[in-house]
There are 2 protein chains.
Amino acid sequence: MSGLEGIPVHIQSAPRAVASGNTQAILAELETALQALLETGREHSIDLRSLPLLPGELDYLQHTLGTGEVRVEVDALGKSEVQETAFRGIWWVTHCNTADDVMAEFIEVSFCPDIIRAQSDDVRESLDALSVRLAGEPVSNQNCRGEGEPL
Amino acid sequence: MSGLEGIPVHIQSAPRAVASGNTQAILAELETALQALLETGREHSIDLRSLPLLPGELDYLQHTLGTGEVRVEVDALGKSEVQETAFRGIWWVTHCNTADDVMAEFIEVSFCPDIIRAQSDDVRESLDALSVRLAGEPVSNQNCRGEGEPL
C-alpha cells in the first residue's frame, strides 16, 4: 500500500446495492483518464446526465469518490459548484440554473477544472483594463481620483 | 475602451483617502505580472503581510480589485479562501489557522491558483489508489464487495 498514505480526507461509506457494471466502468474510465493526465496532460470529462445510470448509481459514485479539500463556487448565470473528490485530479462539477435546479453534472479529470481557470483572452482584457486605470491615475497620497469607479 | 467589455462583475467603490504610492505600486506590479503571465506563463505572488501598508490600504486594494465570479474554499489544517478579483488572472488568497485567524494574505497572479491545482505526485497517488481499488473489485450487479471502505 506504499504511496497511498497521501490520499486526502473523507472516503465515505456507500450503499452496496447500487454498485454495478456502469459504476465500475466509470471508475475504470477515470483510472485511464488519470493515467493520460499524468502522461500527456490531456484532460477528460464525463457527462453524467448522458449516461443510462440506474437509480442510486450516481450516489454510489459520489460516495465512492469521496470528498477532497477543495470546494469551488462559480457565480455566473446560475451557480456552479466544483468539489474536489478524495482522488486528486478528479473533480465533481455541478451546474445550476438561476433557479438553482441542477442542469448538468460532470466528473472532470484535470489538474485544475476548466471553469476555474482564467482564460488568456480574459486575462488580456483585464490587463488592458488595469493599464487604462493606471495610466489615468498618477496618484500621490494627497491627490487621487477615480478609484473604485467602474472601468 | 474596446476589449474591456468582458471584465467581470463587481468593481466596487473604494474609500478615496487611502490610495497611496504603496497601493499604486502594487497595482503596477500586478500589471507587470499579468503581462508576464500572458507572455511566458510565469506566475507571481505578492505577500501582503510583508509590505509596510498603511491602515486602510489593504481595504483600498481589495475594493479596487473588486470581486470576480470564482470563490474557492480549501479546508486543510485551517481554511484558506481564494477569491477571484474582477481582474481575471488576479486572485486574493487568505490563509487562516484552525481558530480562523487570518495568518497570511497574498495576491496571486496565475491562470489557476497554486493551492487549487492538483499536484502530479498527489494525482499519481490517487491513480495508484484507484487502481488498487479496481483490481480488488471485479463487480457485477449482484456481486459487489468493499465499496466505500477506506482504501
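So that the names make sense, note that chain A is the first sequence line, chain B the second, and so on, each numbered from 1. Heavy-atom basis, side chains included; hydrogens, waters and symmetry copies ignored.
Under the 4.5 Å side-chain heavy-atom criterion for ILVMFWY residues, no single connected hydrophobic cluster contains both B:F87 and B:V70. Residues B:I116 and B:I46 do not share a hydrophobic cluster, clusters being chains of Ile/Leu/Val/Met/Phe/Trp/Tyr side chains in contact below 4.5 Å. When hydrophobic clusters are built by joining Ile, Leu, Val, Met, Phe, Trp and Tyr residues whose side-chain heavy atoms come closer than 4.5 Å, directly or via intermediates, B:W92 is grouped together with B:L37. Residues A:F106 and A:L48 do not share a hydrophobic cluster, defined by chaining ILVMFWY side chains whose heavy atoms lie under 4.5 Å apart.
Here the closest heavy-atom approach between residue B:I90 and residue A:L130 is recorded as CD1-CD2, 4.2 Å. Across all their heavy atoms, B:G89 and A:A118 have their closest contact at N-CB, 3.8 Å. Counting all heavy atoms, side chain and backbone alike, B:S126 lies closest to A:A86 at OG-O, 4.3 Å. Summarising the geometry of B:V123 relative to A:F111, their closest heavy-atom pair is CG2-CE2, 3.9 Å, with the distance given to 0.1 Å. Taking each heavy atom of A:E31 and B:L127 in turn, the nearest pair found is O-CD1, 3.5 Å.
Heavy atoms from other residues, nucleotides or ligands lying under 6.0 Å from CZ of B:R42 number 12 at most.
The distance from the CG atom of A:D75 to the OG1 atom of B:T67 is 11.0 Å, given to the nearest 0.5 Å. A:E69 CD to B:L77 CG: the interatomic distance, rounded to the nearest 0.5 Å, is 7.5 Å. If you take SG on A:C112 and CZ on B:R117, they are separated by 7.0 Å, rounding to the nearest 0.5 Å.
Listed options B:V74, B:V109, B:L38, B:L34 were ranked by heavy-atom pairs under 4.5 angstrom with chain A; first place goes to B:L38. Ranking A:S80, A:P113, A:S120, A:S110 against chain B, the residue ahead of the rest is A:S120, based on heavy-atom pairs under 4.5 Å.
Screening B:D121, B:D122, B:D128 for a salt bridge (Lys or Arg N to Asp or Glu O under 4.0 Å) involving A:R88 leaves a single residue, B:D122.
Put simply, the side chain of A:V72 does not reach to within 4.5 Å of the side chain of B:R71, judged on heavy atoms.
For B:L30, the parts lying near chain A are the backbone and the side chain together; criterion is any non-hydrogen pair under 4.5 Å.
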